[in-house]
Amino acid sequence: MLTQEKTLAEIVRQDFPILHQEVNGHPLVYLDNAATSQKPLAVLNALQDYYQNYNSNVHRGVHALSAKATDTYEAARLKVAQFIKAKSYKEIVYTRNASEAINIVAYSWGLNTLKTGDEIILSVMEHHSNLVPWQMVAKKTGAVIKFVQLTETQEFDLEQFKTLISDKTKLVSVVIFLIH
């Protein structure tokens, strides 16, 4: 249970060494996560372990380092699959960042699945990495993009969002901000 002394944001920030600095006299806030996400200490430690102890190609060799890298990679996929309750660890695909992931989905699934009149729901506050690929896919497939607006207090309009969902909705891709 959180105490009044520490907010959830303060607790989470402790895990991110880069966020311990100030910029222009204010605690660093980094919101460009679609391009590059900051990493918590657990990830930094795992990366350091990898580069110091078994840096090698995954699924590309039979030597000891490659086998260790592959085993560790697959163990991580299994752990993520269990955490999100995926049917199989094979459903877990790692990409370099959200921009790459969105583009992979847009240009593989989107171009091959969406048809004229199908609907894509985005919000007006999307980063270009979640806007431009869907605009291009919609232009090529005839799909229609619908936008969730913001409330008067500049928050995601959940009520309007609910009205946009229909039998024609094939994809929803929206940013969610949790600010306390």
Side-chain angles (χ1 to χ4, degrees), residues 1-113 120 122-123 125-137 156 171-180:
M1 178 153 216
L2 298 177
T3 65
Q4 289 183 341
E5 292 99 36
K6 284 199 176 183
T7 66
L8 179 58
E10 290 169 330
I11 291 168
V12 170
R13 286 179 69 85
Q14 289 176 347
D15 286 338
F16 291 81
I18 200 167
L19 298 181
H20 297 180
Q21 60 184 296
E22 289 189 357
V23 175
N24 298 323
H26 300 283
L28 175 63
V29 175
Y30 187 88
L31 298 176
D32 195 13
N33 291 299
T36 302
S37 292
Q38 300 303 327
K39 284 123 185 99
L41 194 53
V43 170
L44 295 173
N45 290 340
L47 285 168
Q48 183 176 5
D49 180 50
Y50 168 77
Y51 284 116
Q52 288 181 340
N53 297 303
Y54 54 96
N55 179 25
S56 183
N57 290 328
V58 171
H59 298 129
R60 300 283 305 271
V62 294
H63 56 84
L65 291 180
S66 180
K68 169 89 170 147
T70 298
D71 290 347
T72 305
Y73 177 88
E74 292 301 339
R77 285 177 71 195
L78 180 60
K79 192 172 190 176
V80 170
Q82 291 169 339
F83 179 74
I84 66 169
K85 298 182 180 18
K87 291 180 185 175
S88 168
Y89 74 95
K90 293 178 181 179
E91 295 178 5
I92 306 305
V93 177
Y94 294 120
T95 62
R96 290 175 288 196
N97 53 48
S99 300
E100 180 181 54
I102 291 166
N103 277 277
I104 289 171
V105 173
Y107 295 112
S108 60
W109 177 85
L111 283 179
N112 292 299
T113 305
I120 300 166
L122 306 172
S123 77
M125 61 182 165
E126 295 310 311
H127 188 279
H128 278 156
S129 66
N130 193 32
L131 178 62
V132 174
W134 297 116
Q135 288 173 323
M136 294 174 75
V137 167
F156 183 87
L171 177 95
V172 174
S173 185
V174 296
V175 65
I176 299 295
F177 282 102
L178 299 175
I179 299 175
H180 296 276

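Residues: numbered from 1 along the sequence shown.
In terms of the side chain to side chain contact (heavy atoms under 4.5 Å, CB included) criterion, residue partners of N103 (sequence neighbours excluded) are, by chain and number, Y107, P133. The side-chain hydrogen bond (donor to acceptor under 3.5 Å, both in side chains) test applied to N57 returns no partner, not counting sequence neighbours. Qualifying side chain to side chain contact (heavy atoms under 4.5 Å, CB included) partners for P17, counting only residues two or more places apart in sequence or in other chains: L41, L44. Shown here are the side chain to side chain contact (heavy atoms under 4.5 Å, CB included) partners of A81, two or more places apart in sequence or in another chain: A86, Y89, I92.
Here CG of L65 is found 9.5 Å from CG of N53. Values are rounded to the nearest 0.5 Å. Separating the CD1 atom in I104 from the CH2 atom in W109 is a distance of 15.0 Å, to the nearest 0.5 Å. Annotation: the span from Q38 atom CD to L31 atom CG amounts to 10.5 Å, rounded to 0.5 Å. The NZ atom of K39 sits 14.5 Å away from atom CG of D15, with the distance rounded to the nearest 0.5 Å.
For L28 against I18, the heavy-atom pair with the smallest separation is CD2-O, 3.4 Å. The two residues Y50 and A69 come nearest to each other via the heavy atoms CE1-CB, 4.2 Å.
No donor-acceptor distance shorter than 3.5 angstrom exists from the side chain of R13 to the backbone of V29, with no hydrogens or angles considered. Side-chain atoms of N112 come within 3.5 Å of backbone N or O of S108 as a donor-acceptor pair. Side chain of N130 to backbone of S173: a donor-acceptor contact under 3.5 angstrom is found.
Looking at heavy atoms from C-beta onward, V43 lies in side-chain contact with L47 at the 4.5 angstrom threshold. Residues V175 and H127 are not in side-chain contact: their nearest non-hydrogen atoms beyond the backbone lie 4.5 Å or more apart. Side-chain contact between V174 and F156 is present, with heavy atoms from C-beta onward closer than 4.5 Å.
Between the side chains of S88 and E91, no donor N or O sits under 3.5 Å from an acceptor N or O.
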Quick one, W134 with I102, criterion side-chain contact (heavy atoms from CB on, under 4.5 Å). Give me CA distance, side-chain angles, the key distance, then yes/no.
CA-CA 9 Å; W134 297 116; I102 291 166; 3.7 Å; yes

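The residues E100 and R96 are annotated as salt-bridged, a charged nitrogen and a carboxylate oxygen being separated by less than 4.0 angstrom. Salt bridge annotation for R77-E74: present, with a cationic side-chain nitrogen under 4.0 angstrom from a carboxylate oxygen.
Listed by first and then second residue, the side chain to side chain donor-acceptor pair (under 3.5 Å) pairs involving residues 60-73 amount to none (not counting sequence neighbours). Identified under the ring-ring contact (aromatic ring centres under 6.0 Å, His included) test for residues 6-26, with sequence neighbours left out: none.
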